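Data first, discussion second: the structure below is written as structure tokens.
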Amino acid sequence: MLTNYYENGLISTTEQEKRLIAVQAALEIAKASVSANTADSNNSKTLWDMKHVAQEINALADSIQAALK
């Protein structure tokens with residue numbers, strides 16, 4: 001998923017592309033987390049999990065980018 005984060009040969013990765021890759025990784029983590037937490041839960045728990053993930057997705061993407069620097 002993060003294989004294209006760094007430049008590849010003569011093609012460099014722009015900051016916008018790096019952000020997109022980090023956000024995609026964050027969304028995959030969030031999706032896995034919500035689906036794992038909702039396997040035995042009701043709809044209100046699922047809704048709460050999704051709202052919480054939406055609030056934190058930017059911070060998670062920031063953390064992913066910081067770890068890759």
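Just so you know, these numbers use all the heavy atoms, side chains as well, and skip hydrogens, waters and symmetry mates. Quick caveat: nothing in here was measured; it's all calculated off a predicted structure.
Listed by first and then second residue, the side chain to side chain donor-acceptor pair (under 3.5 Å) pairs involving residues 55-64 are R19-N58, R19-D62 (not counting sequence neighbours). Within the structure, every pair that satisfies the ring-ring contact (aromatic ring centres under 6.0 Å, His included) test and touches residues 49-69, not counting sequence neighbours, is listed here: W48-H52.
When side chains are defined from C-beta on, I29 counts as touching I64, because their heavy atoms get closer than 4.5 Å. For the pair L20/Q16, no side-chain contact is recorded, criterion being any heavy-atom separation below 4.5 Å from C-beta on.
Taking CD from Q65 and NZ from K69, the interatomic distance works out to 6.5 Å, rounded to the nearest 0.5 Å.
Applying the side-chain contact (heavy atoms from CB on, under 4.5 Å) test to I57 and every residue at least two apart in sequence or in another chain returns A26, L27, A30, V53.
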